[in-house]
Chemist: 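One structure is given below, represented as structure tokens, and several questions about it will come after.
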Amino acid sequence: LWNALLHSKLDALGMQRSQLDPSLYYHKLRRLYCVVYVDDILVTGNDKDIAALVQHLNRDLNVHKSGTATEFLGMELNYDRTAGRLTISQSSAIRAVVEKFGNLVELPKHRVATPLETSARLVSPTEEELAEREAFQKANPRTHKDLRPYLSALGSLIYFYNTTRP
């Protein structure tokens with residue numbers, strides 16, 4: 001309901017929803033952009049257009065202007081106004097994940113270089129290698145519960161990968 005009201009208010013101002021990303025609204029004639037995530041809105045444009053947008057939205061929605069954004073959805077926003085450049089970074093959030101989870105697992109006995117060399121030839125393991133792997137797994141049993149921190153860290157890093165757009 002809130003999103004439908006917001007959409008109608010933005011539409012009344014001439015803002016169009018992007019076909020490529022439904023969370024992005026833009027104005028064709030002005031350099032005015034809005035990114036909407038649940039109930040957070042990030043607006044960029046000139047001060048006059050932003051003030052008019054906020055005033056229009058405040059008629060039916062409780063919107064407040066927080067000034068220049070330095071963070072949005074875990075992303076750091078750095079402005080270089082003289083160069084007209086915006087840099088988006090998630091380095092502090094990624095650093096926090098790495099610090100939280102630290103060294104989660106011991107390196108496997110049989111390490112593989114990543115990325116794999118293009119000339120590498122994949123072959124099936126020998127009977128001896130299979131027996132060695134099975135003996136190692138029996139001596140070092142792992143349960144799904146043991147993998148939770150690793151899977152949680154991996155999921156966090158995948159989230160960063162999927163949510164950061166060029």
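This is a predicted model, so every value here is computed, not measured. Quick note: numbers below take in every heavy atom, side chains included, and nothing from hydrogens, waters or symmetry partners.
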Chemist: Do the non-hydrogen side-chain atoms of Arg121 and Val123 ever get within less than 4.5 Å of each other?
Modeler: yes
Chemist: In the structure I gave you, are the side-chain heavy atoms of Cys34 and Leu53 within less than 4.5 Å of one another anywhere?
Modeler: yes
Chemist: Assess the pair Tyr25 and His7: is the distance between their ring centroids shorter than 6.0 Å?
Modeler: yes
Chemist: Do Val36 and Leu24 have side chains that get closer than 4.5 Å, going by heavy atoms?
Modeler: no
Chemist: Which heavy atom in Pro22 sits nearest to a heavy atom in Arg17, and how many Å separate them?
Modeler: O-NE, 3.2 Å
Chemist: Going from CD1 on Ile41 to OG on Ser23, what distance comes out if it is rounded to the nearest 0.5 angstrom?
Modeler: 11.5 Å
Chemist: Do Lys100 and Val97 come close enough that some side-chain heavy atom pair is under 4.5 Å?
Modeler: no
Chemist: Looking just at side-chain N and O atoms, do Glu76 and Thr70 make a donor-acceptor pair shorter than 3.5 Å?
Modeler: no
Chemist: Do Phe136 and Leu130 belong together in a cluster built from hydrophobic side chains that touch within less than 4.5 Å?
Modeler: no
Chemist: Mind checking whether His27 and Gln16 have side chains closer than 4.5 Å, heavy atoms only?
Modeler: no
Chemist: Less than 4.5 Å apart, any side-chain heavy atom of Thr68 and any of Tyr79?
Modeler: yes
Chemist: Might you point out which heavy atoms bring Leu5 and Leu61 nearest each other, and give the distance in Å?
Modeler: CD2-CD2, 3.4 Å
Chemist: Given side chains that start at C-beta, do those of Asn78 and Leu86 come closer than 4.5 Å, heavy atoms only?
Modeler: no
Chemist: With sequence neighbours excluded, what pairs up with Glu134 under the salt bridge (Lys or Arg N to Asp or Glu O under 4.0 Å) test?
Modeler: Lys138
Chemist: Could you tell me which residues satisfy side chain to side chain donor-acceptor pair (under 3.5 Å) with Asn46, sequence neighbours excluded, listed by chain and number?
Modeler: Asp49
Chemist: Output the distance between atom CG (Leu6) and atom CE (Met15), rounded to the nearest 0.5 Å.
Modeler: 9.5 Å
Chemist: Evaluate side-chain contact (heavy atoms from CB on, under 4.5 Å) for Phe72 paired with Asp40, printing each intermediate quantity in order.
Modeler: CA-CA 9 Å; Phe72 186 69; Asp40 290 327; 3.7 Å; yes
Chemist: Just how far is it from atom OG of Ser66 to atom CD of Glu71, taken to the nearest 0.5 Å?
Modeler: 11.5 Å
Chemist: Check whether any side-chain heavy atom of Leu42 lies under 4.5 Å from a side-chain heavy atom of Leu77, and answer yes or no.
Modeler: yes
Chemist: Are the side chain of Asp80 and the backbone of Arg85 linked by a donor-acceptor contact shorter than 3.5 Å?
Modeler: no
